[in-house]
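Read through the structure below, which is laid out as structure tokens, and then see the notes.
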Amino acid sequence: MSMLTPPGMGGKYRVTGTAYPRMSRKRSRRRIVLAALGSVLALALVGYGALQLIDVFRGDGPKRNTAAGAKDCPTKSPEAAAKGGAPAAASTASAPAKPAVVLPQPGTITVNVYNATPRAGLAKAVGDELAKRGFLIGTVGNAPADFDKKVPGTGILLGSPTTDKAVFAVLGTQLPGTTQQTDTRETADVDLILGDAFKELSTKEDADKALALLANPAPAPAKNC
């Protein structure tokens, strides 16, 4: 009887020999596969997190682009933000106003008024009204043959090649819709040739507003941040 056999136990319960069977449990192949997949997933998550951290520190993300695009917009100072006030740099958001434009005065512009329509007395009526508004009136009468009954629009402003564009602009405020042309004259006077579409001059009030806009152009609109 072996020394490993408890007393009273013999026969088939008898343990003999010096080698003993291993009692370890076999590993499951399924567990090995799941463990491998888990390791791969963990590595992927670690790598993605590292890339996100790199982007944050480098500032290449969308937030940086948004900030860069808005760098020109005014920001509120801490005091203004607390009080709900306007941005501290709001004064720089809009473009500076354009300087006033020096326009020729009506009293320095000589206008010849010609009637190219079938309406009798039209040139005289328009010349008289322009004189009341300060313009110097030259010749008044029917239009030359080159224009008589040949002006379908409101009218034509005809001057020399050296006529200042501002002269056309000032006279044009009295009669919107006119076109501008030049001829071979060397004098500074300007012809106003009334066309078939002419009805009446602009009101004095509207003409003065148009002149004010010419002299003081509106500033550029503020940037929309």
Side-chain angles (χ1 to χ4, degrees), residues 72-74 89-225:
D72 294 333
C73 295
S91 59
T92 61
S94 60
K98 295 181 180 180
V101 178
V102 178
L103 297 174
Q105 295 298 313
T108 63
I109 301 175
T110 300
V111 185
N112 304 313
V113 185
Y114 295 107
N115 181 14
T117 75
R119 297 161 58 185
L122 187 60
K124 185 179 184 307
V126 171
D128 291 344
E129 181 60 30
L130 289 176
K132 293 178 181 178
R133 300 182 184 187
F135 291 90
L136 298 178
I137 304 302
T139 303
V140 176
N142 293 326
D146 292 343
F147 296 99
D148 191 27
K149 312 298 189 298
K150 299 176 183 178
V151 181
T154 301
I156 297 175
L157 299 179
L158 185 64
S160 74
T162 60
T163 299
D164 189 352
K165 298 297 182 183
V167 172
F168 286 142
V170 170
L171 186 53
T173 60
Q174 312 300 312
L175 180 60
T178 56
T179 58
Q180 301 174 8
Q181 297 183 19
T182 59
D183 56 14
T184 58
R185 77 182 68 190
E186 297 180 356
T187 56
D189 57 329
V190 177
D191 295 348
L192 171 56
I193 305 174
L194 304 173
D196 294 335
F198 173 79
K199 294 182 179 180
E200 60 183 4
L201 293 174
S202 300
T203 64
K204 181 68 165 53
E205 181 181 2
D206 290 342
D208 290 343
K209 288 180 179 178
L211 281 172
L213 289 177
L214 284 177
N216 300 282
K223 183 182 295 183
N224 186 11
C225 294

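Bear in mind that the values here come from a model prediction, so they are computed numbers and not experimental data.
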Contact summary for [X] and [Y], nearest pair of heavy atoms:
{"X": "Pro161", "Y": "Arg185", "answer": "CD-O, 4.0 Å"}
{"X": "Asn112", "Y": "Gly138", "answer": "OD1-CA, 3.4 Å"}
{"X": "Val170", "Y": "Pro104", "answer": "CG2-O, 3.8 Å"}
{"X": "Pro176", "Y": "Thr154", "answer": "O-CG2, 3.7 Å"}
{"X": "Thr117", "Y": "Leu194", "answer": "CG2-O, 3.6 Å"}
{"X": "Phe168", "Y": "Gly159", "answer": "CZ-N, 3.8 Å"}

Close side-chain approach of Pro118 to Asp196, heavy-atom, < 4.5 Å: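 Pro118 reaches Asp196 side chain to side chain.
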Non-hydrogen side-chain atoms of Leu158 and Asp183 separated by less than 4.5 Å: yes
Starting at [atom1] of [X], measure out to [atom2] of [Y] and round the result to the nearest 0.5 Å.
{"X": "Leu175", "Y": "Leu201", "atom1": "CG", "atom2": "CG", "answer": "6.0 Å"}
{"X": "Asp191", "Y": "Tyr114", "atom1": "CG", "atom2": "OH", "answer": "5.0 Å"}
{"X": "Glu129", "Y": "Glu200", "atom1": "CD", "atom2": "CD", "answer": "10.0 Å"}

Donor-acceptor list for residues 140-153 side chains, cut-off 3.5 Å, not counting sequence neighbours:
unit_1	atom_1	unit_2	atom_2	d
Lys150	NZ	Ala145	O	3.4

Test side chain to side chain contact (heavy atoms under 4.5 Å, CB included) applied to Val111 and Leu136, step by step: CA-CA 6 Å; Val111 185; Leu136 298 178; over 6 Å; no
Which atom pairs, donor and acceptor, lie under 3.5 Å between side-chain atoms of residues 206-214 and protein residues at least two apart or in another chain?
unit_1	atom_1	unit_2	atom_2	d
Asp206	OD2	Thr203	OG1	3.1
Asp208	OD1	Lys204	NZ	3.3
Asp208	OD2	Lys204	NZ	2.9

Pair Leu130-Leu192, side chain to side chain contact (heavy atoms under 4.5 Å, CB included): steps then yes or no: CA-CA 11 Å; Leu130 289 176; Leu192 171 56; 3.9 Å; yes
Basic-acidic side-chain contact under 4.0 Å: Asp128, Lys124: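 The answer is yes: the pair qualifies as a salt bridge.
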